[in-house]
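If you're wondering where the values come from, they're calculated on a predicted model, not measured in any experiment. Order of appearance sets the numbers: ligands from 1, and atoms from 1 within every ligand.
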Amino acid sequence: MRVIETIGGVREAVRAARREGGTVGLVPTMGALHAGHVSLIARSAAECSVTVVSIFVNPIQFTQAEDFERYPRTLEGDVVECRRAGASLVFAPSNQEMYPRPLTTFIEPGPVAEGLCGPFRPGHFRGVATVVAKLFHAVEPGRAYFGEKDAQQLAVIQTMVSDLNMAVEIVPVATVREADGLAMSSRNQRLGAAERKAAPVLYTGLQAALARLEAGEREARVVREAAQEALAREPLVRLEYLDVVDAGTMQPVERVTGPVRVAVAAWLGGVRLIDNVRFEAR
Ligand code: PAF
């Protein structure tokens, strides 16, 4: 498995594979890989002849410079994980390679990025969509794999690909959870012991909402309240938002009539966590 640092290098490597008739899969990451990433890589490796894992901590998607500075950078261990999970190559460009001069052209995601995390992380999804578009142009994958844990990010990318006729299939991959239900995230390692113990309550809350939906409840307010009640029992949780949204557009719904996500963001100490569950009304 090769580690390539330049756009020209990765382009050449995948073009050679494509000439031989292979499908190129891309798993975009910021490194600090965990079991959630491993499941994306393994899925791509099972479905594609070449799997590229990009590892790039993207400065333009961070709202706070400080968060960008302290984002974990664990390239050596990540490369080992990629090899173990079946990746064919790692694309690990520098900042200079991705942004040789200040960027003047951006992807503006529109309404799909305006709710949920949008108001709390201004410019975040614009930075995500822009870097993902750049990665798509560098790697030209036939398929790209994204975790459902970041449901709004997934919807932003799906909308961008559809709006701009990008020739890539977006493959959503189910959230991987710890045994106690906590969704895998590189942020989990920053939780203190008490916060880590409390964190699975996010999933407990979402399951309470899901139980209402599965029992036939269709009023979003009632569904939200079921989750809120569970979360209110944990004093360490500071809720940022909890909403029932259309699974495609990410717009809040009042009544559940199609596919929705119940999505939550909350702070535990100084760590912000997100999670969601999907439900489809029939
Ligand atoms: O989900 C992530 O790790 C990042 O937002 C992504 C998609 C790699 C873009 O930087």
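R261 forms no cation-pi arrangement with F279, by the criterion of a distance under 6.0 Å to the ring centre and an angle within 45° of the ring axis.
When only modelled atom types and interatomic distance are considered, Y99 and N58 share a side-chain donor-acceptor pair under 3.5 Å.
Counting protein heavy atoms only, atom 10 (O) of ligand 1 is closest to Q61 OE1, 2.6 Å. With hydrogens left out, the protein atom closest to atom 7 (C) of ligand 1 is Q153 NE2, 3.4 Å, a heavy atom.
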For this session: Show your working on side chain to side chain donor-acceptor pair (under 3.5 Å) between T74 and D78 and close with a plain yes or no.
Result: CA-CA 6 Å; T74 54; D78 290 344; 3.1 Å; yes

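Here the two rings, on Y71 and F62, have centers that are under 6.0 Å apart.
Taking a cut-off of under 4.0 Å to the non-hydrogen atoms of T29, the atoms of ligand 1 that pass are 8 (C). Interface of V131 with ligand 1, defined as ligand atoms under 4.0 Å from a residue heavy atom, comprises 9 (C), 10 (O). Atoms of ligand 1 lying under 4.0 Å from any heavy atom of P28, numbered from 1 in the order shown and given with element: 8 (C).
Here the options are R43, E169, E47, the test is side-chain hydrogen bond (donor to acceptor under 3.5 Å, both in side chains), and the partner is Y145; only E47 passes.
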